[in-house]
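Notes for the one structure printed next.
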Amino acid sequence: MPVITVAVLPHSAERGLLRAVADAVAAALGLGSGDVIAMTIPVRASATSGTPTDHTDDPWMLVSIHGSDRGEEPMREAREAARLAAADWSRTNGGEQGVWCEWVLPQ
């Protein structure tokens, strides 16, 4: 069961983000209802190297899919599906922030 964490600025519509990302990953992996869990990790502050401390650009959204090895192609497809779902949500909800997506294997 993949577990997804999304580091993002708090937003009133973040449950929609979680559903979109979880559904996209489930579809990419051929999983059913309830087979993917997603949760947010709220970002309270960010800093960018070489900029003043009052720099206010939104940080990139970080989507981490935690799961076992499913093979390179399925994991790539799931990452891309999650990235696209998060980017679509960002555009719809007043942002144009980038999205960084990764698959994290168990250690």
Side-chain angles (χ1 to χ4, degrees):
M1 171 182 291
V3 175
I4 302 167
T5 56
V6 182
V8 64
L9 291 170
H11 193 283
S12 62
E14 67 188 40
R15 283 198 191 275
L17 167 63
L18 295 176
R19 278 189 218 96
V21 171
D23 287 349
V25 169
L29 296 174
L31 299 175
S33 179
D35 288 340
V36 177
I37 296 171
M39 64 187 84
T40 55
I41 299 172
V43 173
R44 295 180 322 151
S46 70
T48 303
S49 62
T51 62
T53 57
D54 61 352
H55 185 67
T56 58
D57 284 351
D58 289 345
W60 278 46
M61 189 182 309
L62 173 61
V63 179
S64 299
I65 305 167
H66 305 262
S68 59
D69 191 338
R70 293 174 178 265
E72 185 53 40
E73 188 62 20
M75 292 187 308
R76 186 197 62 72
E77 290 175 5
R79 286 191 311 265
E80 182 64 6
R83 187 190 67 74
L84 290 173
D88 286 346
W89 179 89
S90 182
R91 279 190 298 278
T92 300
N93 288 281
E96 284 294 328
Q97 68 193 85
V99 178
W100 179 270
C101 190
E102 63 183 348
W103 188 287
V104 181
L105 295 171
Q107 299 299 309

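- Listed by first and then second residue, the ring pair (Phe, Tyr, Trp, His ring centres under 6.0 Å) pairs that reach into residues 21-51 come to none, sequence neighbours excluded.
- A 4.5 Å side-chain heavy-atom check between Val99 and Ser90 finds every atom pair outside the cut-off.
- Distance CG/Leu84 to CH2/Trp89: 15.5 Å, rounded to 0.5 Å.
- Atom CG of residue Asp69 and atom CE of residue Met75 lie 4.5 Å apart, to the nearest 0.5 angstrom.
- Shown here for Gly32 and Ala26, the closest heavy-atom pair between the two residues is O-CB, 4.5 Å.
- With sequence neighbours left out, the side-chain hydrogen bond (donor to acceptor under 3.5 Å, both in side chains) criterion links Asp35 to no other residue.
- Under the side-chain hydrogen bond (donor to acceptor under 3.5 Å, both in side chains) criterion, Thr5 pairs with His66, sequence neighbours left out.
- Scanning for salt bridge (Lys or Arg N to Asp or Glu O under 4.0 Å) contacts around Glu80 gives Arg83, with sequence neighbours left out.
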Under 3.5 Å, which donor-acceptor pairs do the side chains of residues 11-21 form with other protein atoms, sequence neighbours left out?
| from | atom 1 | to | atom 2 | distance (Å) |
| --- | --- | --- | --- | --- |
| His11 | ND1 | Ala13 | N | 2.9 |
| Glu14 | OE1 | His11 | N | 3.2 |
| Glu14 | OE2 | Thr40 | OG1 | 3.1 |

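- Sorted by first then second residue, the side-chain hydrogen bond (donor to acceptor under 3.5 Å, both in side chains) pairs that include residues 20-29, not counting sequence neighbours, number zero.
- Considering every non-hydrogen atom in both Ser64 and Val104, the closest pair reads CB-CG2, 4.2 Å.
- Taken together through direct or relayed side-chain contacts under 4.5 Å among Ile, Leu, Val, Met, Phe, Trp and Tyr, Val43 and Val6 form parts of separate hydrophobic clusters.
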_Leu62/Glu102 under side chain to side chain contact (heavy atoms under 4.5 Å, CB included): CA gap, chis, key distance, verdict_ = CA-CA 8 Å; Leu62 173 61; Glu102 63 183 348; 4.1 Å; yes
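- Val8 and Val3 are not part of a single hydrophobic cluster, where members link through side-chain heavy atoms under 4.5 Å apart.
- Each ring pair (Phe, Tyr, Trp, His ring centres under 6.0 Å) pair with one or both residues in residues 18-48, not counting sequence neighbours, would appear here, but there are none.
- Side chain of Trp103 to main chain of Gly67: a donor-acceptor pair is present (N/O by atom type, distance under 3.5 Å, no hydrogens or angles).
- Under the salt bridge (Lys or Arg N to Asp or Glu O under 4.0 Å) criterion, Arg70 pairs with no residue, sequence neighbours left out.
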